[in-house]
Chemist: 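Okay, here's the structure, questions in a sec.
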Amino acid sequence: MLSAAEAPLLGRSFDELLTEAVHFHGHLCPGQVLGVRMTLAGCREIGIERPQRAGKRLVVFVEIDRCATDAIQALTGVSVGKRTLKHLDYGKMAATFLNRTTGVGVRVSARDSARALAGAWAPGESDPRAAQILAYRVMSEADLLRIEAVGIRPGWLDRRRVRVFCQGCGEGINYQREVMAEGRALCRPCSGDGYYDRLA
Ligand SMILES: [Zn+2]
Ligand SMILES: [Zn+2]
């Protein structure tokens with residue numbers, strides 16, 4: 001059996017994929033190696049061999065805005081603007097890969113135990129970060145990742161193309177993102193769920 005570093009998945013070697021991820025992200029880090037492994041596992045499980053050519057067939061939900069997310073984006077070509085990349089701010093190193101043609105979805109998460117195992121998979125490497133980079137590359141998939149079949153809940157993919165105006169601030173709200181509060185249609189900031197405060 002080929003090791004992860006040799007497996008010619010996505011039509012390219014692990015090194016080619018890692019190089020592409022690093023180029024997009026800006027540096028080599030454990031997250032890039034992890035992101036490549038997550039992408040390989042996710043795409044394989046949902047039967048998408050050429051994610052860059054999958055167009056809107058492939059949708060990825062990422063649960064963290066960290067390094068690995070960049071690797072997933074670089075290798076799959078999903079993007080926020082194409083609405084094929086969905087960021088959920090859960091703070092978890094996990095991503096769900098969905099094949100929209102078949103409806104098959106898998107959630108791939110990094111096992112918390114993998115970090116502690118890194119030393120064993122990178123003998124002789126004293127720097128923890130360097131050890132993770134080496135180890136995440138060769139660690140068995142079962143040790144590194146948890147893979148679970150998931151179904152996507154209604155409303156997370158298809159949103160009606162409607163536009164209403166917030167009855168608080170008057171700004172337009174697309175795709176049914178308004179919140180009903182006391183009989184008024186409000187944008188999320190006006191409903192109290194905003195990320196900013198107006199300073200003037
Ligand atoms: Zn990084
Ligand atoms: Zn508003």
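One-based numbering, in listed order, for ligands and for the atoms of each.
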Chemist: Please list all pairs meeting ring-ring contact (aromatic ring centres under 6.0 Å, His included) that have one or both residues in residues 23-53, counting only residues at least two apart or in different chains.
Modeler: His25-His27
Chemist: Going through the checks in order, is the side-chain hydrogen bond (donor to acceptor under 3.5 Å, both in side chains) test met by Tyr175 and Arg160?
Modeler: CA-CA 6 Å; Tyr175 299 114; Arg160 283 204 299 131; over 6 Å; no
Chemist: Can you tell me, to 10 degrees, how wide the angle at the Zn ion (ligand 1) is between SG on Cys67 and NE2 on His25?
Modeler: 100°
Chemist: To 10 degrees, how wide is the angle SG (Cys169) to the Zn ion (ligand 2) to SG (Cys190)?
Modeler: 110°
Chemist: How large, to 10°, is the angle at the Zn ion (ligand 1) when you draw lines to NE2 on His27 and to SG on Cys29?
Modeler: 110°
Chemist: Could you give me the CA-CA distance, side-chain angles and deciding distance for Arg188 and Glu178, then say whether salt bridge (charged side-chain N to carboxylate O under 4.0 Å, His left out) is met?
Modeler: CA-CA 7 Å; Arg188 285 177 59 176; Glu178 67 273 19; over 6 Å; no
Chemist: If the threshold is 4.0 Å, N to carboxylate O, is there a salt bridge linking Glu141 and Arg44?
Modeler: yes
